[in-house]
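Worksheet: the structure to be examined is printed underneath.
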Amino acid sequence: MRMRRNRRADWSRRLVSEHTLSADDLIWPLFVIEGERRHEPVASMPGVERLSVDLIVEAAREAEGLGIPAIALFPNTDPKLRTDDAREAVNPDNLVCRATRAVKKAGVDVGIVLDVALDPYTSHGHDGLLVDGEIRNDETVAVLVRQSLVQVEAGADILAPSDMMDGRIGAIRRALEDAGHTGTQIMSYAAKYASAFYGPFRDAVGSGGLLKGDKRTYQMDPANSDEALREVALDLAEGADMLIVNPGLPYLDIVRRVSETFRVPTFAYQVSGEYAMLMAAADKGWLDADNAILESLLAFKRAGASGVFTYFAPHAAKLLR
């Protein structure tokens with residue numbers, strides 16, 4: 001037996017390839033800021049920029065042209081609008097709602113994923129309401145429900161609750177059904193870990209310097225994998241259509257366990273810290289950037305992911321052409 005026979009030629013390698021990666025597998029996260037014709041670099045994420053609403057529309061058109069199915073929008077909220085009760089999250093004219101309406105009005109054929117969480121809107125940087133040093137679960141869920149309805153009414157196609165409060169998927173699903181939004185998809189951050197890899201993202205949305213304490217009372221312990229399966233089972237029972245494992249590469253084992261156990265659409269988020277590491281190594285000449293990007297994305301598919309949130313989405317889509 002000579003295993004190399006199937007590897008001798010490019011056509012043969014393609015013929016026997018077990019997994020494939022295409023633009024259809026990508027979701028492009030974008031950061032929104034106030035203003036017009038404004039783009040602002042994120043220092044800790046070389047090549048990534050915060051974009052004003054009009055430029056978000058242009059980015060959405062780029063995604064459509066590249067065959068990227070969906071974009072995910074995250075706001076960099078004006079610090080003056082950040083409050084302890086996160087009231088800007090339920091403002092129908094907040095940044096992500098305006099950006100969503102603009103993309104829909106422009107007729108761009110991409111799905112819009114909106115994050116359901118309070119950290120871009122709180123003065124303390126947490127995903128929930130902080131009272132006497134404690135993140136209040138049920139009070140937070142009530143705000144998340146209101147936030148979800150505002151986002152759907154703005155035109156969101158997929159709601160992606162990333163807050164990790166208990167019971168929020170069921171509460172959001174019931175509210176959507178009661179309001180007649182029966183076709184809205186929920187893509188739950190079912191297994192979101194308290195990770196060190198989120199730092200550049202927090203810079204991008206402006207919450208990094210605000211965070212008081214940490215998020216370990218609601219995000220998952222990196223030591224646990226069985227617990228992830230329990231979280232996923234609960235979210236599916238409560239009405240989630242799809243799942244996200246977050247972060248990505250350090251948690252490929254979780255992607256594998258979830259996808260094999262539940263056989264539902266499971267997505268990985270190649271988070272900001274993963275992006276920053278690859279970009280830094282490429283900048284130093286220590287990695288071949290293009291090959292490393294595609295190899296890292298293919299790893300998610302090999303682990304069982306249906307698709308990947310990645311800041312490399314437009315570049316990867318061009319390479320895959």
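Heavy-atom basis, side chains included; hydrogens, waters and symmetry copies ignored. Predicted model only: the values in this text are computed from it and were never measured.
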(Q) Checking Val131 against Glu134 for the side chain to side chain contact (heavy atoms under 4.5 Å, CB included) test, could you report, in this order, the C-alpha distance in whole Å, the side-chain angles of both residues, the deciding distance, and whether it holds? (A) CA-CA 5 Å; Val131 180; Glu134 177 187 355; 5.9 Å; no
Q: Decide yes or no on side chain to side chain contact (heavy atoms under 4.5 Å, CB included) for Asp214 and Gln219, but give the supporting numbers first.
A: CA-CA 9 Å; Asp214 56 48; Gln219 293 179 355; over 6 Å; no
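- In this structure, Thr20 and Lys301 have side chains that are not in contact, with every pair of non-hydrogen atoms separated by 4.5 Å or more.
- Residues Asp288 and Asn291 bring a donor and an acceptor atom of their side chains to less than 3.5 Å of each other.
- Between Glu36 and Val53 there is no side-chain heavy-atom pair separated by less than 4.5 Å.
- By the neighbour-count criterion of 12 heavy atoms within 6.0 Å, atom OH of Tyr198 is densely surrounded, having more than that number from other residues, nucleotides or ligands.
- Scanning both residues, Thr77 and Pro120, for their nearest heavy atoms gives OG1-O, 2.9 Å.
- No continuous path of ILVMFWY side-chain contacts below 4.5 Å connects Leu210 to Leu130, so the two sit in separate hydrophobic clusters.
- In this structure, the side chain of Arg146 does not engage the main chain of Ala142 through any donor-acceptor pair within 3.5 Å.
- Listed for the Asp157 side chain is no donor-acceptor partner under 3.5 Å among the backbone atoms of Gly111.
- The side-chain heavy atoms of Val32 and Asn76, taken from C-beta on, include no pair separated by under 4.5 Å.
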List, one per line, each side-chain donor-acceptor pair under 3.5 Å for residues 176-191, sequence neighbours excluded.
{"from": "Ser188", "atom 1": "OG", "to": "Ala190", "atom 2": "N", "distance (Å)": "3.4"}
{"from": "Ser188", "atom 1": "OG", "to": "Asp235", "atom 2": "OD2", "distance (Å)": "2.5"}

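- Using a distance-only test at 3.5 Å, with no hydrogens or angles considered, a donor-acceptor pair links the side chain of Ser272 to the main chain of Phe201.
- Between Thr217 and Ile135, the shortest heavy-atom distance links the atoms OG1-CG1, 4.5 Å.
- Considering only heavy atoms from C-beta on, Arg256 stays 4.5 Å or farther from Asp253 through its side chain.
- By the neighbour-count criterion of 12 heavy atoms within 6.0 Å, atom CE of Met3 is sparsely surrounded, having that number or fewer from other residues, nucleotides or ligands.
- A donor-acceptor pair is defined here as one N or O able to donate and one able to accept, closer than 3.5 Å; such a pair exists between the side chain of Arg50 and the backbone of Ala204.
- Among all heavy-atom pairs drawn from Ser12 and Arg5, the shortest one is OG-O, 4.4 Å.
- Heavy atoms only, all atoms of each residue included: Pro200 and Met45 are closest at CB-CG, 3.5 Å.
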Q.
Working note: Arg37 + Leu55, criterion side chain to side chain contact (heavy atoms under 4.5 Å, CB included); need CA distance, chi angles, decisive distance, verdict.
A. CA-CA 6 Å; Arg37 309 305 301 173; Leu55 296 184; 3.3 Å; yes
Q: Check the pair Phe300, Leu249 against side chain to side chain contact (heavy atoms under 4.5 Å, CB included), reporting the backbone distance first and the verdict last.
A: CA-CA 7 Å; Phe300 294 115; Leu249 287 176; 3.7 Å; yes
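- With respect to the salt-bridge test (charged N to carboxylate O, under 4.0 angstrom), the residues Glu153 and Arg101 do not qualify.
- When all heavy atoms are compared, the tightest approach of Ala156 to Thr100 is N-CG2, 3.6 Å.
- Counting non-hydrogen atoms of neighbouring residues, nucleotides and ligands closer than 6.0 angstrom, the NE2 atom of His19 exceeds 12 such neighbours.
- The cluster map of Ile, Leu, Val, Met, Phe, Trp and Tyr, joined by side-chain heavy atoms under 4.5 Å apart, puts Leu294 and Val308 in the same cluster.
- Of the possible polar contacts, one joining the Tyr218 side chain to the Asp127 backbone as a donor-acceptor pair under 3.5 Å is found.
- Using a 30° and 60° split on the angle between ring planes, Tyr269 and Tyr311 fall in the tilted class, from 30° to 60°.
- In the hydrophobic clustering of ILVMFWY residues, with side-chain heavy atoms under 4.5 Å counting as a link, Leu234 and Val232 come out apart.
- Counting only N and O atoms by type, the side chains of Gln270 and Ser296 include a donor and acceptor under 3.5 Å apart.
- At least one donor-acceptor pair closer than 3.5 Å links the side chain of Ser52 to the backbone N or O of Arg38.
- For Asp119 and His124, the side-chain atoms include no donor-acceptor pair closer than 3.5 Å.
- Under the 4.5 Å side-chain contact rule for hydrophobic residues, Val57 and Leu114 share a cluster.
- The NZ atom of Lys215 sits 10.0 Å away from the CG atom of Asp163 when rounded to the nearest 0.5 Å.
- Formation of a donor-acceptor pair under 3.5 Å by the Glu260 side chain with backbone atoms of Gly304 is not found in this model.
- Using a 4.5 Å heavy-atom cutoff, the side chains of Cys97 and Val150 are in contact.
- Put simply, Leu81 and Val90 are part of two different groups of oily side chains (I, L, V, M, F, W, Y) that touch within less than 4.5 Å, one to the next.
- Checked for salt-bridge contact, Arg257 and Asp226 meet the test: a charged N lies under 4.0 Å from a carboxylate O.
- Here the straight-line distance linking atom CG of Leu30 with atom CG of Leu73 works out to 6.0 Å at 0.5 Å rounding.
- Between Val48 and Phe31, the closest side-chain pair of non-hydrogen atoms falls below 4.5 Å.
- Heavy atoms only, all atoms of each residue included: Ala228 and Tyr193 are closest at CB-OH, 3.6 Å.
- Atom CD1 of residue Ile68 and atom CH2 of residue Trp28 lie 6.0 Å apart, to the nearest 0.5 angstrom.
- Under the 3.5 Å distance criterion, the side-chain polar atoms of Glu40 are left unmatched by any main-chain donor or acceptor of Ile33.
- Between Leu66 and Arg321 the shortest side-chain heavy-atom distance falls below 4.5 Å.
- When side chains are defined from C-beta on, Tyr251 does not count as touching Met220, because their heavy atoms never get closer than 4.5 Å.
- No more than 12 heavy atoms of other residues, nucleotides or ligands sit less than 6.0 Å from atom CZ of Arg87.
- Looking only at distances, no side-chain donor or acceptor of Arg173 sits under 3.5 Å from a matching main-chain atom of Glu238.
- The aromatic rings of Phe309 and Phe267 lie perpendicular to each other, with more than 60° between the two planes, well past the 30° mark.
- Looking at Arg216 and Asp221, no side-chain N of the basic residue comes within less than 4.0 Å of a carboxylate O on the acidic one, giving no salt bridge.
- Under a 3.5 Å cut-off, the side chain of Arg13 and the backbone N or O of Arg7 do form a donor-acceptor pair.
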